[in-house]
Asker: 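Let me give you the structure first, and then I'll get to my questions.
Lettering of chains follows the sequences in order, A, B, ..., and the numbering in each one begins at 1.
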There are 2 protein chains.
Amino acid sequence: MIAINQQATESILAQAHQQCLALGSKLTTKRSQVLEGLLVAAKAVSAYELTNVCRDKLGYDLLPMSVYRILEFLENNQLAHRLNTSNKYIACSHITCDHQHQPPQFLICKTCNKVEEVEVPTPIMESVAKTTRKAGFTLASRHLEIECYCNDCDAPETVS
Amino acid sequence: MIAINQQATESILAQAHQQCLALGSKLTTKRSQVLEGLLVAAKAVSAYELTNVCRDKLGYDLLPMSVYRILEFLENNQLAHRLNTSNKYIACSHITCDHQHQPPQFLICKTCNKVEEVEVPTPIMESVAKTTRKAGFTLASRHLEIECYCNDCDAPETVS
DNA sequence: TTCTAGATGTTATATTGTATCATTATCGTA
DNA sequence: TACGATAATGATACAATATAACATCTAGAA
């Protein structure tokens, strides 16, 4: 989970600023605001939901079109992830780390959209990649999105 | 891949009819038409695309609203799958089988939407389920959706 | 036949995502 | 400082996707 207190947020934003510079890009005011919105939301949110979060909780006035563009920027700079499963976005939970990570496995609660970002064990990802190659495909991304129910939300019918 | 010749299609539709009866539901004319559309498409298609396929290739006149409803029905009766990653649908590739299958792993070409439905090895799914449980989540579904590029479509930048 | 539940038709609208062009800000260079 | 180029954002329109709500029809049970 992402820390949501003020101090932690500022620390993350500062780190994100550095990370952008290292990649030859800039974390502008608007971009920082969108990232802050993601951190405050602390769950997967759609671009439109994010404009609401930014307005209602932070007082930032952003247009959805800008939010889409900025989310794309954040994704390219490894500051946010787009969840294809739900067309929602989350802040990367590793902004303050500086080491390389295993491919992420996103556990997404279908009810409340809480997301946990855990690591996929290498042999598992290897196996998935192998199956993919054997079928004549090439992996387009190395992350897995898993639809779940979190402990706070009851599963309609337990699968696992 | 789904067989697309006329005879195979009719055989699948007949089997689907039986499968519905066994589940206490009915494969009505419209539902059969939508399933036929999925079989003819032979790739992942959106609900709106499917209305076009049904109209242009089969001469069936269906409204998007009906298609959505019928797709939901087909999914509940294990005749079709909804791919959350792309909000598209495909016919289940196992309609003519009568045995239990491993959880499916969908390999989805991001470019042409071709889908291959392969099986997830049990230990892999077990590992994913275990990681999920440890993080305090419960699996909502037992299938994996993997975004890929197929051999016919060039990968912009190879990942695997 | 009549009633009922399920299936489908119809319309309206909400939600999500992109395309396009105008405007503004930033920064190197003269 | 002024200028010009590039990046960033604003603003508008619209395309694509999805659902809500209510009307109508149809098959089968009573």
Asker: Side-chain heavy atoms nearer than 4.5 Å, only ILVMFWY residues, links allowed to pass through others: does that put L63(B) and L74(B) together?
Answerer: no
Asker: Between S127(B) and P123(B), is there a donor-acceptor pair closer than 3.5 Å when you use the side chain of the first and the backbone of the second?
Answerer: no
Asker: Rounding to a whole Å, what distance do you find between L63(B):CG and dA12(C):P?
Answerer: 14 Å
Asker: Please list all pairs meeting side-chain hydrogen bond (donor to acceptor under 3.5 Å, both in side chains) that have one or both residues in residues 73-88 of chain B, counting only residues at least two apart or in different chains.
Answerer: E147(A)-N84(B), S25(B)-N77(B), E49(B)-K88(B), H81(B)-E117(B), R82(B)-N84(B), R82(B)-N87(B), R82(B)-Y89(B), T85(B)-E145(B)
Asker: What integer distance in Å separates L62(A):CG from dG10(D):P?
Answerer: 7 Å
Asker: May I have the distance from M65(B) (atom CE) to dA23(D) (atom C1'), rounded to whole angstrom?
Answerer: 14 Å
Asker: Look at the side chain of S46(A) and decide which nucleotide, out of dT17(D), dT12(D), dT16(C), has an atom nearest to it.
Answerer: dT16(C)
Asker: Please state how far atom OH in Y68(B) lies from atom C1' in dT16(C), giving the value in whole angstrom units.
Answerer: 11 Å
Asker: Any side-chain N or O of Y48(B) less than 4.0 Å from the OP1 or OP2 oxygen of dA16(D)?
Answerer: no
Asker: Rounded to whole angstrom units, what separation is found between the OH atom of Y89(B) and the P atom of dA16(D)?
Answerer: 18 Å
Asker: L35(B) and A91(B): which non-hydrogen atoms are nearest, and at how many Å?
Answerer: CD1-CB, 4.3 Å
Asker: Between C1' on dT18(C) and CZ on R82(A), what's the gap in Å once rounded to a whole number?
Answerer: 12 Å
Asker: Side chains of E10(B) and Q6(B): donor-acceptor distance under 3.5 Å anywhere?
Answerer: yes
Asker: Taking the side chain as every heavy atom from C-beta outward, state whether L27(A) and Q19(A) have any atom pair closer than 4.5 Å.
Answerer: no
Asker: If I take atom CG from residue L62(A) and atom CZ from residue R55(A), how far apart are they, to the nearest 0.5 angstrom?
Answerer: 10.0 Å
Asker: Could you state the atom-to-atom distance from CG of L23(A) to P of dA7(D) in whole Å?
Answerer: 16 Å
Asker: Rounded off to whole Å, could you give me the CG-to-P distance for the L27(A) and dA8(D) pair?
Answerer: 11 Å
Asker: Of all the nucleotides listed (dA21(D), dG17(C), dG10(D)), which has the minimum atom distance to the side chain of N87(A)?
Answerer: dG17(C)
Asker: I'd like a table of atom pairs between the protein and nucleotides 4-8 of chain C - only N or O on both sides, under 3.5 Å - with the distance next to each one.
Answerer:
| unit_1 | atom_1 | unit_2 | atom_2 | d |
| --- | --- | --- | --- | --- |
| dA7(C) | OP1 | R31(B) | NH1 | 3.1 |
| dA7(C) | OP1 | R31(B) | NH2 | 3.4 |
| dA7(C) | O5' | R31(B) | NH2 | 3.1 |
| dT8(C) | OP1 | T28(B) | OG1 | 2.5 |

